[in-house]
Every structure is written in structure tokens, then in C-alpha cells.
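Working notes for the structure below.
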Amino acid sequence: MSDPEESHLVQERRQKVERLRVRGVEPYPWNFPDRVPTSVVVERCRSLTPGATASGPDARVAGRLRTIRQHGRSAFLDLEDQAGPLQLFLRVDEIGEPAYSEWLSDLDPGDLVGAEGSPMVTRRGEPSLLVRQLTLLAKAIAPPPEKFHGLKDAELRLRRRYLDLLSAPESRARFRARSLFVREIRHFFDEHDFLEVETPVLGAVASGAAAQPFVTHSSYLDEDLQLRISLELPLKRLLVGGLERVYELGRIFRNEDLDVTHLPEFSMLEAYWAYTDYTDMQRLMEAMYFRLARRIAELLPEVPTAVEAPTLFQPPFAVVDFVDALEQYSGLHGIVDKSRDELRDLARATGTTVPEASPTGKFLEKLFEHYVEPHLTRPTFVVDHPVATTPLAKRHRSKPGRVERFELYCRGVELANAYSELNDPDDQVRRFGEQLAAKGTEFYAMDRDFVLALQYGMPPASGVGFGVDRAFMALTGTPSIKETILFPPVRSQP
RNA sequence: GGGCCCAUAGCUCAGCCCGGUAGAGCAGGCGGCUCUUAACCGCAAGAUCAGGGGUUCGAAUCCCCUUGGGCCCGCCA
């Protein structure tokens, strides 16, 4: 897209700025005190009959001009602030000449203005402000997107998110909901006595998951550092340290391709809860998602998927055994006893192209994705995965070859991943070792300091993690993760 | 990594198949209009048709390359 600097529209608006300055009007003043949201004026209009003007004190509002409809000696201006739109009504009778002509000649859609006047309702019934004083608060040099169709260009919507926000109310509503959704998650964990903590983004080795890290370099240490790919291992160290309920909600980084459900940086929540196991965590997740679903339904009453969420997430959620579900939907038998090569061949038979060097658990996950995941439309806990899938989970107390783990699925999206956390330091070393032995590109890096921490004793605990962006997508029906992120990554322009 | 699609005025879109003077609406300019709300009426203006190369008498249109974006597949515990 061409630079707006070159446009004749910009030149004309610059000339208006000069005219304003010549007239002694500051085009970029410092503040606009005592303003109220447009909703306050709309509320005061509620008791007025069409054609009536309020008798009380004047109101002051401020916001962006969306449209200007001139009718000779009167004009309607649509002003919008965060609370919503409000029509301004200008009349020569009210403000006189030359003020009326001067204001209208140098105002454009997109300008930020303040207005003072009386709440009124037009004869057509539109809540309005009968303006006595108009103040330019910031002249817009660049013209705004088209007033009716808005900004459709997908690239510009991402590169200039501010234009998307200022022209698309549904986009503003979604991002507002996202922000309050995150706040609700924090409230939930705070109220359950979890302590929010911050752990390092930069470290010597990124572990706790199998993913490609971003690598950077520290001048001070003169060594390469990796950006975190998980929150898990630092948080478990805090369990060792005696913090019994901790959570972190933060950005993590994975140096991989992006698509509608993946971005190189995204928001993850992980929580660890001492002296509980993964069944306690199931109850916590049921409560959390039910609460989040109700909140989302309040926040986005215009979005059908959001409105349906509380019904869908009504506890209790379904529970299925990972192996039972896989064998049932695939028709395969004896999954747990099959060799790595047999599982690899079965996985490849489904059409997936997992690399030869993948750990055994990878093949099981591929089989599960292919045969079972499409069937999980209602919230469902998939429990007790084979050991090979999960190097950080505790072995199952009664099912040999399994770990105590659940994944929560809904609408085909993974909404939580939780374990009874492995706290046996020797078993942890073995499990890291099994990952490394597979020598694939995907593995959990050995974190020796973490193993040392376990040697001092970590209480039995359950832990959970979920992608905040994906949880928001699933509850609201947002189709692309980019629409949940204000500034998603874009290539730099040539 | 593979495949398909898209890029025309500040914005929203026609025009492209089938090559022949680049169009509309909104926004902006000028004029009119004191209850409109995608206001309305009249006049005039606004384009590196993403960029580069090729074919052709002639390219927005056909071909190739590049850039950016979108969708699908693969990969991403």
C-alpha cells in the first residue's frame, strides 16, 4: 500500500492544520477535562421525548468523528468513544457565525474532538448532544478507513491494527473480551489461593516441552541463551521451595511455523498445586472453564458460540481412557505392548509423515489425533496416557505402562494438559534419558539443575498448562489465533 | 517444506476469462440544503493497475520471476 504521505488527501488535511493555526486554534491541545463517556449522555437522553432538550447542566464528551452530515445551516456529526457512538447536533442558531462555518470547514472524519452542550433527542428519536462548544483535540492527517465497509484488507488489519480497532466495533469487542478473559483467569487462580509468579524468559536451555527454541546471545555472559518454550520446570522448583500453589501466565516462544492455531509467541498458563493429584486438577479445570464460559457469554452476547459456551461447559465433563478410546475408535488392540517400530508403521499408515527419529510417544499422539480427536466435540478429559508420551508425569498408581495425565479437549481443541507431577528424581533422569535416546529433533532437553531440585524433595502435586489464546478461541469460536492477538507477527516490508 | 488463490484511487469494489483511451461508491475539493443517521442534489479532481522482466503494433488483462497477504496440506508435546 502506498504511503499516506503521498496522498493529496493528506496534503489537504495539512492545509487545514495550517488554517487552524492561523486562526489561533491549536490542532493538538493537551487535555479535555471533565469529559464523560458518550453512554452518560445517551442515558440522560433516555427520559426525553423526541424533539426535547435536557434542562440540566451541559455535558462534555470526547472522541473520534466518524461521519459528518451537513445540511446547510445545521449539521450532524457522529462521534465515537470507547463507550460507543453519539450524534452531535450543530446549528447556526446555537453557535452562531463565523464559528459554525469555521468548524465545519476544517473538520474531517477521523479527527478527535471534544464537544460541550445539552443532551437532546432529535425529532427522529436519536439521542444527541446539542453542541454549544466544539474543541479540536487532535487533527487526523491521514484519512480513516471507509465509513461503512471499514477495513477489509487482511494485511492492513494486521499491520495497522489500530485502523482495524478504530473502524470495526466487533474487533474492539473481541479484544476487550480477550483482556477481561485473561483477568478472569487470574481472578480464578487468585481466589483459589494460587500465587502468581514470574520466571525467566531467558535461560541456558529451554526445556519442559519438545519444541524448537529461539536462540539469542548474552553479551554479559558471552554465551548463547534460549527463550523459554514452557513454564513448567521453574514453577516446579518453587514447589520444592515451599510455595504450595503457584501459577504463571506469560508469553512463551517456539521457533516454528505459524498457522491458524500456532504463533511463534503465545500466552501460556501453568499452575502447580502441592499435595493434590490429577483428579483434583480435573475438578479445578471444570470449575475454571465453566466460570470462563459464563464470563465470555456476558462479554460477547452478539457471538453465538460465546453464548452457547456455558451450556457446553457445564460440569462434569466426560472422561475417556487414552488407550481405550484409541483402541475403540481405531479398531487396534494391544497398543501399550506394541514396539516402537510397530507404532511408527501404524502412525504412518494414517498418512502422517512423522520423522523416523521421533520418540515413541510421538507415534501414539499421531494415532490419537487421527482416530480420536475429531470425535471430541464436548469437553472431555482424555486420561492415563502411555508412559512414552510424557516424560514429566508420574507413573500411574494402578495401570502399568501409563502415566497419570489428562488432556481436556473440546471442539477439537486441546484446552488443558495436566499431570500428577513426577517427583522421583531418579525416574526423572531415566525419562529425560529416554527422550534423548530417541535422538530426534523433538525432545525434552535434560535440565540437570531441575533433577537436583527434585533430589531435595518436591511434594506430590498436580500441574496444568493451557494455551490462553486457544482457550479464548474455543470459547468464542474465533477461527484464527491472529484474531486473538493485537499485534501478530508480520514480515518486515521490503 | 508442497499446492491453490489474491494484490486496481486514501478506503470498499468493478474491469482481467475473450489484449484496444482505467470505472463506480465512500472519503476529500467547490456549490446548494436547518432533523439527518451508509443523508441528499450538482460540478470538478483523484491511479507507478504490488514490483521487475517477457510476448505483442498495443498489456490492468496473457507468460515468467520477486515481494506481501490469504486458504489447504505437512510440521508444530
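Below, chain A is the first sequence line, B the second, and so on; all start at residue 1. Please read all numbers here as calculations on a predicted model, not as lab measurements. Any value given below was found using the heavy atoms of this structure, including those in side chains, with hydrogens, waters and symmetry copies removed.
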Query raised in the report: Going by the salt bridge (charged side-chain N to carboxylate O under 4.0 Å, His left out) test, which pairs reach into residues 403-415 of chain A, not counting sequence neighbours?
Result: A/Arg397-A/Glu404, A/Arg405-A/Glu407

Query raised in the report: Which pairs with one or both residues in residues 82-94 of chain A pass salt bridge (charged side-chain N to carboxylate O under 4.0 Å, His left out), sequence neighbours excluded?
Result: A/Arg91-A/Asp93, A/Glu94-A/Arg132

Enumerate the protein-to-nucleotides 70-74 of chain B contacts in which both atoms are nitrogen or oxygen and the separation is below 3.5 Å.
residue, atom, partner, partner atom, Å
B/G70, OP1, A/Lys482, NZ, 3.0
B/G74, O3', A/Thr353, OG1, 3.1
B/G74, O2', A/Thr353, OG1, 3.1
B/G74, N1, A/Asp257, OD2, 3.4
B/G74, N2, A/Asp257, OD2, 3.3

Report task. Starting at the 5' end of nucleotides 29-35 of chain B, put B wherever the base has a protein heavy atom under 4.0 Å, S where only the sugar-phosphate does, and a dash everywhere else. Result -> S---BBB

Report summary line: Residues passing the side-chain hydrogen bond (donor to acceptor under 3.5 Å, both in side chains) test with A/His262, sequence neighbours excluded, are A/Asp259, A/Arg470

Query raised in the report: Considering Watson-Crick and G-U wobble pairs with both distances under 3.5 Å, what does B/C18 pair with?
Result: none

**Report entry** side chain to side chain contact (heavy atoms under 4.5 Å, CB included) partners of A/Glu43, counting only residues at least two apart
**Finding:** A/Arg46

Tabulated below should be each protein N or O lying under 3.5 Å from an N or O of nucleotides 45-47 of chain B; please produce it.
residue, atom, partner, partner atom, Å
B/G46, O2', A/His8, ND1, 3.3

Query - Those residues that, when tested against A/Val387, pass side chain to side chain contact (heavy atoms under 4.5 Å, CB included) (two or more places apart) - result: A/Arg395, A/Val403, A/Arg431

Query raised in the report: What do the steps show when you test A/Phe322 against A/Phe368 for ring pair (Phe, Tyr, Trp, His ring centres under 6.0 Å), and what is the final call?
Result: CA-CA 8 Å; A/Phe322 181 97; A/Phe368 188 85; 4.6 Å; yes

Query raised in the report: In whole angstroms, how far is the P atom of B/G10 from the CG atom of A/Leu166?
Result: 18 Å

Report summary line: Hits for side chain to side chain contact (heavy atoms under 4.5 Å, CB included) against A/Asp257, two or more places apart or cross-chain, chain-then-number order -> none

Query raised in the report: What pairs of residues pass the salt bridge (charged side-chain N to carboxylate O under 4.0 Å, His left out) test when at least one of them lies in residues 383-393 of chain A, not counting sequence neighbours?
Result: A/Asp384-A/Lys399

Query raised in the report: A/Asp153 CG to B/U8 C1': how many Å, rounded?
Result: 13 Å

Report summary line: Hits for side-chain hydrogen bond (donor to acceptor under 3.5 Å, both in side chains) against A/Ser101, two or more places apart or cross-chain, chain-then-number order -> A/Glu97

Query raised in the report: A/Gly150 near the nucleic acid: base, sugar-phosphate alone, or nothing, with a heavy-atom cut-off under 4.0 Å?
Result: sugar-phosphate

Query raised in the report: Looking at residues at least two apart in the chain, or sitting in another chain, which of them share a side chain to side chain contact (heavy atoms under 4.5 Å, CB included) with A/Lys366?
Result: A/Ala347, A/Thr352, A/Val354, A/Lys362, A/Glu369

